[in-house]
Amino acid sequence: MSGTDPYWGGEQVVLCRDEIHGLRAVIAIDDTTLGPGLGGVRLARYPDLATGAVEARRLAAAMTVKNALAGLPYGGAKSVIFVPDPGTDRQALMHRFGEFVARTGGAYVPGVDMGTGPDDLSAIASAGATVSCAAEDPSPWTAAGTFAAIEAAVRHVTQGALAGVRVLVQGVGNVGARLAGLLAEAGAHVLVADVDDARAAATARAVNGGVVRLDSLYTADVDVFAPCANARVLDAGAAGVLSARIVAGAANDILADDPTAEVLAERGITYVPDFVVNAGGVIQIHALQEAWTEDRLRSAVNGIGDRVGEILEAARGSDRSPLHIARALAYDVLRGAREGRPGTEFVSR
Ligand code: NAI
């Protein structure tokens, strides 16, 4: 379980460097109480090692609570690879990275994340590293889980269904476009926003909805704001002017920091923690490992909605935000596992 110190939280941090292959990477293993640390490999630009290491640790800690709350037998981990110089042999770089992953002896099980894809994972696996299933696209399941979360949050706040509810989906890529379709099918009025104008317009047409300009993202007259694009889309300033009554989206790291959750709570805006909402993809990875039927997978992903309902209900009766409640539940699962208490089997019920 991660602490608050950006450097000393988590179990293990591995710095990986290889001059020949131009590799600079950080593997952060946050917690392996529940099983091997499952988390994607992010390829991104960072100004320096410290920034990349803190990002890897923060993302790894989010994977710990995500996997624990989803009832999965995995710990939390994440890795970041610094974008190499142009002309670098990518496959050789990933293979070399795979050798570092293999040295963790299975404590880190990588998957794809922003900037990496199935070919990279194959190269990592070719070095003897254990990797999560890469062939299947998790986005439809992430979208299905996000839909279940939004539906549950709307039911909690309005006691009603999605019909007629105005939802703004920010980012209509793999997850957001599918989510927009599911929301429209349920009768919601869908608005979209994307840095890619053509993509926004095409999705809006497909769901018979509208496009919101990026400079109106926070003030648009909507009931639900569903971020499905970049990280840290809401800081305290944005939270202070947000029109929506509910925030629930698939993006990792929606909030810039914890005080933003307090601003939302003070304004009566229901924030559903991203690590609860976007667990559909990791549930699918587990389903593939365990050869679940599609029905079983669907029911587990729909269980995200039940979880959201429980968390919001617990927050309603207390002075704690849904973010605090969700983290506390995840930490309780971890404590229970350490103490040998039976685990909380959300997935299989
Ligand atoms: P994607 O790359 O397919 O789509 C992202 C979309 O957001 C693109 O259309 C892009 O043009 C748009 N975008 C980027 N920056 C933007 C900005 N500042 N404002 C508005 N639009 C912007 O990504 P994907 O796979 O749909 O993932 C979306 C989010 O969900 C990411 O934060 C990702 O980390 C998170 N996530 C995705 C999972 C998956 O299964 N794909 C699983 C868990 C989390």
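Order of listing sets the numbers, starting from 1, for every ligand and every atom in it.
- Polar contact with ligand 1: absent for Asp196 (N/O pair, distance under 3.5 Å).
- Relative to atom 33 (C) of ligand 1, the option among Thr203, Asn252, Thr146 with the closest non-hydrogen atom is Asn252.
- With atom 5 (C) of ligand 1 as the reference point, the heavy atom nearest to it among Gly176, Ala200, Cys228 is part of Cys228.
- Close N/O approach between Lys66 and ligand 1 is not found [any backbone or side-chain N/O within under 3.5 Å].
- By the 4.0 Å N-to-carboxylate-O rule, Glu294 lies close enough to Arg298 to be salt-bridged with it.
- Every atom of ligand 1 with a heavy atom of Val172 under 4.0 Å away is listed here by number and element: 9 (O).
- The distance criterion of under 3.5 Å between nitrogen or oxygen atoms is met by Val175 with respect to ligand 1.
- Looking only at distances, a side-chain donor or acceptor of Asp120 sits under 3.5 Å from a matching main-chain atom of Gly117.
- The closest approach between a heavy atom of Ala229 and any atom of ligand 1 is below 4.0 Å.
- Taking a cut-off of under 4.0 Å to the non-hydrogen atoms of Leu214, the atoms of ligand 1 that pass are 19 (N), 20 (C).
- No N or O atom of Arg42 sits closer than 3.5 Å to an N or O atom of ligand 1.
- Remark: the backbone N or O of Val41 is paired with a side-chain donor or acceptor of Thr116 at under 3.5 angstrom.
- Below 3.5 Å of separation, one finds no N or O of Asn278 facing any N or O of ligand 1.
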* Show your working on salt bridge (charged side-chain N to carboxylate O under 4.0 Å, His left out) between Arg45 and Glu55 and close with a plain yes or no. => CA-CA 11 Å; Arg45 293 183 192 283; Glu55 167 106 326; over 6 Å; no
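- Residues Asp295 and Thr293 have side chains that never bring a donor and an acceptor to within less than 3.5 angstrom of each other.
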